[in-house]
Amino acid sequence: MIPHADEALRMLTQRLATTQLPDLKSAYLQSDLMVMTQLLGALSLELGNGIERRLQDIRTMQALLASEQGRALLDDPALLAATPASYSLADVNALHDQLTRALISVHAAAEEAGEPYADFGDQIWGYYEEHAARHALPG
Amino acid sequence: MEQAAGDVTLEQVGTRVAEYLSEQWQKPVATLATFRIFGGASRETYRLQVQVDGEERGLIVRRDPPTSLIDTERALEYGAYAAIFPTSVPVPEPLFLEEDPVWLGQPFSIMAEIRGGITDVSMLTPAQRQRIGEEKWAVLGRLAACDPVELGFDRITRIPAAGDCAAEQLAYWEQVILNDEIHPQPVPQAAIRWLKRHMPAPAQKLSVVHGDYRTGNFLFDPEQGVLGILDWEMCHVGDPLEDLAWSLDPLWSWAAPELAGRLLPHKEAVKIWEQASGLRVDADDFLWWRVFNAVKAVGIWISSSEDFHHGASKDAILAMAGWIMTDRENRILLDYLSPFSKQLFGRVS
């Protein structure tokens with residue numbers, strides 16, 4: 001087992017940025033490697049927290065869809081109790097995508113329904129804000 | 001050895017372009033130096049120093065990659081340079097468009113290099129920022145004032161009806177997002193629904209729309225001013241407010257949202273554009289184009305991400321765009337549309 005994989009990736013990225021990058025002679029390769037180190041830094045954060053952040057999203061989306069107004073507009077009630085097939089990134093992503101598609105559809109239906117669903121629509125926007133803050137990339 | 005992308009080395013780009021130019025100009029051409037320029041996400045871009053008739057000449061070669069950030073037609077881009085070059089909107093002089101892949105393995109175009117031009121505005125003094133900013137939006141206003149048909153754009157692209165510009169652009173980018181998204185995109189989808197409920201008035205006039213008019217896509221000299229507008233691969237004929245709104249997208253001034261493109265206060269940029277174009281900016285229509293442009297940007301960024309993740313290209317700039325820019329553009333859309341928005345970006349228009 002790789003210990004503290006996220007930290008290891010972060011440190012390797014720092015090494016690339018501080019010791020390898022300055023030695024490159026080509027301006028093109030320097031710029032290319034600089035972008036790669038930025039991306040590797042973002043990946044190290046994702047490795048450490050990505051699954052937990054998705055699980056928080058999943059819990060919030062299920063709570064929204066389980067509300068009285070959410071249930072009234074939701075096509076597939078089985079999603080309310082769905083859990084990921086495993087805690088692999090692929091399986092967590094799969095459920096996250098399913099719920100996101102359902103939420104998009106419910107949000108559109110809430111907008112169509114007008115005033116009675118206005119507060120519910122605002123709650124969905126609140127989740128979008130929360131999601132954006134939770135997944136914001138550095139830099 | 002530094003490689004060109006794909007199957008051609010950097011050295012081969014230099015020698016083969018020299019052979020090509022020798023044939024075109026019917027005189028010996030020698031390549032003195034070849035550099036690949038970083039960041040040209042839609043085309044591979046090279047700077048060449050060549051010697052011809054005993055004189056050194058700088059050239060820019062744009063080669064089609066196997067994939068790119070923006071799926072575009074090279075003929076349209078080259079045609080745009082050729083059409084704009086005689087006008088007061090400065091662009092590099094287009095020299096050749098070569099569709100035959102026999103030379104570089106892919107089609108390519110060659111333009112004269114604009115010597116001394118830079119794109120980075122971060123080191124400018126406040127006075128230089130003011131001057132470059134004024135010129136940037138005056139040039140865009142002059143472009144908006146041009147008649148696309150008089151420039152010959154009807155020969156290289158379709159001319160839409162003034163009342164269809166917004167709907168056509170929205171339909172195009174909505175489809176790009178649906179086709180290329182790796183994960184569903186709830187914020188852009190909500191924005192698309194908002195755009196459909198708030199369609200703008202028909203364009204005041206049809207103009208040439210650059211499509212990516214922003215800091216980073218024009219060359220300038222801090223003292224001489226704007227030298228050339230680059231990267232016309234997304235140009236089309238449409239509503240000139242589209243370009244103005246794109247130029248003011250908060251993404252181009254992320255660290256300093258009060259300055260459009262890190263150059264001028266937004267209101268000042270709009271005023272200069274209005275004076276140069278003779279057009280006016282309706283606040284509601286302009287908001288529509290700002291929201292639209294954030295959606296369009298998401299379309300561009302997730303397309304690049306799709307190319308990266310499915311292996312069409314391993315260029316890091318595509319992943320950078322797909323991850324970081326999509327994240328930022330989603331935050332911009334939230335700022336425009338969320339009932340909980342702090343109006344960080346909307347307030348400055």
Side-chain angles (χ1 to χ4, degrees), chain A residues 24-43 45-46 54 57 61 64 92-112 114 118-139, chain B residues 1-5 10 34-41 44-47 120 177-178 181-194 196-197 254-255 305 308 314-342:
Chain A
L24 291 173
K25 302 293 181 225
S26 150
Y28 173 82
L29 291 178
Q30 277 193 352
S31 299
D32 200 27
L33 187 59
M34 195 181 304
V35 169
M36 281 193 262
T37 56
Q38 278 183 277
L39 294 174
L40 289 169
L43 275 177
L45 293 173
E46 192 75 355
R54 283 161 176 74
D57 292 343
M61 284 192 281
L64 275 169
V92 174
N93 271 340
L95 179 58
H96 192 283
D97 285 356
Q98 262 189 301
L99 284 162
T100 304
R101 286 196 185 90
L103 191 64
I104 289 171
S105 175
V106 164
H107 192 184
E111 289 170 351
E112 285 287 316
D119 285 347
F120 181 59
D122 286 355
Q123 289 173 40
I124 295 175
W125 279 107
Y127 163 69
Y128 296 159
E129 294 262 11
E130 188 186 309
H131 172 278
R134 188 151 50 227
H135 294 268
L137 290 166
Chain B
M1 174 188 229
E2 185 177 339
Q3 296 283 311
L10 196 63
T34 309
F35 305 95
R36 186 167 179 195
I37 300 173
F38 186 77
E44 295 161 22
T45 307
Y46 303 90
R47 179 186 295 119
D120 181 7
I177 291 172
L178 288 174
E181 66 182 12
I182 295 168
H183 298 294
Q185 300 287 325
V187 176
Q189 289 301 332
I192 288 166
R193 295 194 301 273
W194 183 91
K196 288 178 178 175
R197 292 195 301 269
W254 193 253
S305 186
F308 180 81
K314 291 299 176 205
D315 198 334
I317 197 77
L318 295 179
M320 167 72 98
W323 303 355
I324 293 173
M325 302 307 194
T326 301
D327 169 57
R328 288 185 180 178
E329 213 68 58
N330 269 313
R331 287 193 265 167
I332 290 166
L333 280 170
L334 285 167
D335 185 85
Y336 289 156
L337 298 178
S338 167
F340 306 105
S341 168
K342 295 184 177 67

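Reminder, nothing fancy here: chain letters follow the sequence lines and each chain counts from 1.
Between the side chain of B/T326 and the backbone N or O of B/W323 there is no donor-acceptor pair closer than 3.5 Å. Side chain of B/D327 to main chain of A/L137: a donor-acceptor pair is present (N/O by atom type, distance under 3.5 Å, no hydrogens or angles).
For the 3.5 Å distance criterion, the side chains of A/H135 and A/D57 qualify, holding a donor opposite an acceptor.
Residue B/I192: no heavy atom, backbone or side chain, is found under 4.5 Å from chain A.
Distance CD1/B/I332 to CG/B/L337: 12.0 Å, rounded to 0.5 Å.
In terms of heavy-atom pairs under 4.5 angstrom with chain A, the leader among B/R193, B/Q185, B/R197 is B/R193. Options A/I124, A/L39, A/L24, A/T100 differ in how many heavy-atom pairs under 4.5 Å they form with chain B, and the most are formed by A/L39. The choice from A/H96, A/Q30, A/H131, A/E111 that makes the most heavy-atom pairs within less than 4.5 Å of chain B is A/E111. Contact count versus chain B (heavy atoms, under 4.5 Å) is highest, among A/N93, A/L103, A/D97, for A/D97.
Here the two rings, on A/H107 and A/F120, have centers that are 6.0 Å apart or farther.
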